[in-house]
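This is a predicted model, so every value here is computed, not measured. Side-chain atoms are counted along with the backbone in the values below, which use heavy atoms only and exclude waters and symmetry mates.
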Amino acid sequence: MPREKCDMKQELTFSGKIKEELARHWSEARHCQIAEIAAIVSMCGRVCISSREEYSIKVRTENLSVARKCFTLLQKTFNIKAEILVLRNKNKENVSYAVFVKRHEDAVKVLQASKLMDEDGEISEEFSVVKNLIIQHSCCKRAFIRGAFLAAGSMSNPEKSYHIEIVCAAEKKAEQLKDIINRFGLDAKVIVRKKSYVVYLKEGSQIVDLLSVMEAPVALMEMENIRILKEMRNSVNRKVNCETANINKTVSAAVKQADDIRYIRDTIGLGALPEGLQEIAGLRLEYPNATLKELGDLLLVPLGKSGVNHRLRKLSEIAEDLKKGNRRK
């Protein structure tokens, strides 16, 4: 069945999980319910005007949970019996849903309560909620952001990247939504994508804060768990890379030291070296993988890492001089 297929697809996306959780959230205060329905209608709704100057509202979404939330908000907040229509694309398998408010009186009630229609019955050309009195309280701002995300929001898989966005049809809508989000201490920005204006956040901790603002605690905890695991993996990878680099550096140094000592042996012989240099040269050839500390412990008179390193540097200098034809006496 198409419905089952759609629901299954939503469960496989992080956006779908967030929307299902937000759709189940219910604000007890009527003013918050109005703020949420105002955002949904503004973001993905359309007002139809008949030849008799009668209004109707159609809210269209591809998410069944959003359609149910819109239907429930209309029913409980305004006591309106809306219809849910299933719209099937003839060329594709996916479906979308339309919540339809048919009666003129019901449509006007919703538009006036959500301040999408002024006192003279006029609807702005942008169908915007700029200068809206219904989002004065903090709880109503949260509800408005929640409704906006339900209607036009999406989030990338946090396992791959951090990006959450809400697409707006008009610049004023996007700017207003950005300002509302940023009143919670966030730093949302707006970009233009084709003919749309996109409000977005890309920083992990800010996305977590936005989920908190929208009151999606389950998604928030999942996001935090993913962030913690990613940070742990990154930390382990950094340490492993650092240790690998140090090992490679140590091995390369040991190989060069052994090569220099063999060059000295093959040209002037190790017996021509001072006793201390002879001893460390012999140990390096015998123990090519030993660390400086291990070499120092093997000496007849144990020596620290810096002392061992000093002797090996002297051997390298001698080898370089020999290569240049300057034989040491």
Side-chain angles (χ1 to χ4, degrees), residues 12-15 17-18 154-165 185-189 191 200-212 216-266 270 273-274 276-324:
L12 296 176
T13 66
F14 200 74
S15 288
K17 291 179 181 179
I18 297 172
S154 64
M155 181 173 169
S156 63
N157 182 352
E159 292 276 8
K160 298 178 180 178
S161 64
Y162 299 138
H163 183 88
I164 193 168
E165 65 178 40
L186 301 176
D187 188 26
K189 292 180 172 58
I191 58 169
Y200 72 94
L201 289 166
K202 296 187 72 172
E203 207 276 314
S205 62
Q206 296 234 333
I207 293 174
V208 167
D209 290 341
L210 181 61
L211 292 174
S212 176
V218 176
L220 185 154
M221 289 304 299
E222 185 174 348
M223 170 84 174
E224 281 287 54
N225 289 337
I226 291 171
R227 286 182 67 214
I228 291 169
L229 288 174
K230 286 179 73 173
E231 287 174 6
M232 288 177 62
R233 283 198 296 266
N234 290 339
S235 177
V236 170
N237 287 338
R238 282 194 297 270
K239 289 180 180 179
V240 169
N241 291 338
C242 183
E243 290 175 3
T244 301
N246 288 336
I247 291 171
N248 291 337
K249 183 178 178 181
T250 301
V251 171
S252 297
V255 169
K256 184 179 185 304
Q257 291 159 6
D259 287 344
D260 289 339
I261 292 167
R262 279 191 287 268
Y263 186 83
I264 295 170
R265 181 193 64 190
D266 296 341
L270 297 181
L273 298 172
L277 295 184
Q278 283 185 49
E279 186 181 11
I280 199 69
L283 287 172
R284 172 47 83 198
L285 291 179
E286 187 177 355
Y287 303 99
N289 297 321
T291 64
L292 296 182
K293 184 179 185 307
E294 290 168 344
L295 288 176
D297 292 340
L298 291 170
L299 292 168
L300 293 176
V301 179
L303 199 61
K305 289 169 59 178
S306 60
V308 173
N309 191 46
H310 175 72
R311 291 187 183 184
L312 290 170
R313 277 207 311 269
K314 290 289 291 182
L315 289 169
S316 293
E317 289 172 4
I318 293 172
E320 286 300 317
D321 284 344
L322 288 173
K323 291 174 183 177
K324 293 176 182 176

Quick check: are there more than 12 heavy atoms from other residues, nucleotides or ligands sitting under 6.0 Å from NZ of Lys230?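 Check passes, neighbour count above 12.
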
Charged N-O contact under 4.0 Å between Asp297 and Lys293: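 Yes, this pair counts.
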
Do Lys323 and Asp321 meet the salt-bridge criterion of a basic N to acidic O distance under 4.0 Å?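 Salt bridge: no.
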
Can you find a heavy atom in the side chain of [X] that is under 4.5 Å from one in the side chain of [Y]?
| X | Y | value |
| --- | --- | --- |
| Leu315 | Leu273 | yes |
| Arg311 | Leu299 | yes |
| Ile191 | Tyr200 | yes |

To the nearest 0.5 Å, tell me how far [X] [atom1] sits from [Y] [atom2].
| X | Y | atom1 | atom2 | value |
| --- | --- | --- | --- | --- |
| Lys314 | His310 | NZ | NE2 | 5.5 Å |
| Ile318 | Tyr263 | CD1 | OH | 13.0 Å |
| Leu270 | Leu285 | CG | CG | 6.5 Å |
| Lys324 | Leu322 | NZ | CG | 11.0 Å |
| His163 | Ser154 | NE2 | OG | 6.5 Å |
| Asn289 | Arg284 | CG | CZ | 8.0 Å |

Among Ile280, Asn309, Leu303, whose side-chain contact (heavy atoms from CB on, under 4.5 Å) with Leu295 holds?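 Filter result, single survivor: Ile280.
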
Do the side chain of Ser212 and the main chain of Val208 share a donor and acceptor less than 3.5 angstrom apart?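 Pair absent, no side-chain N/O of Ser212 close to backbone of Val208.
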
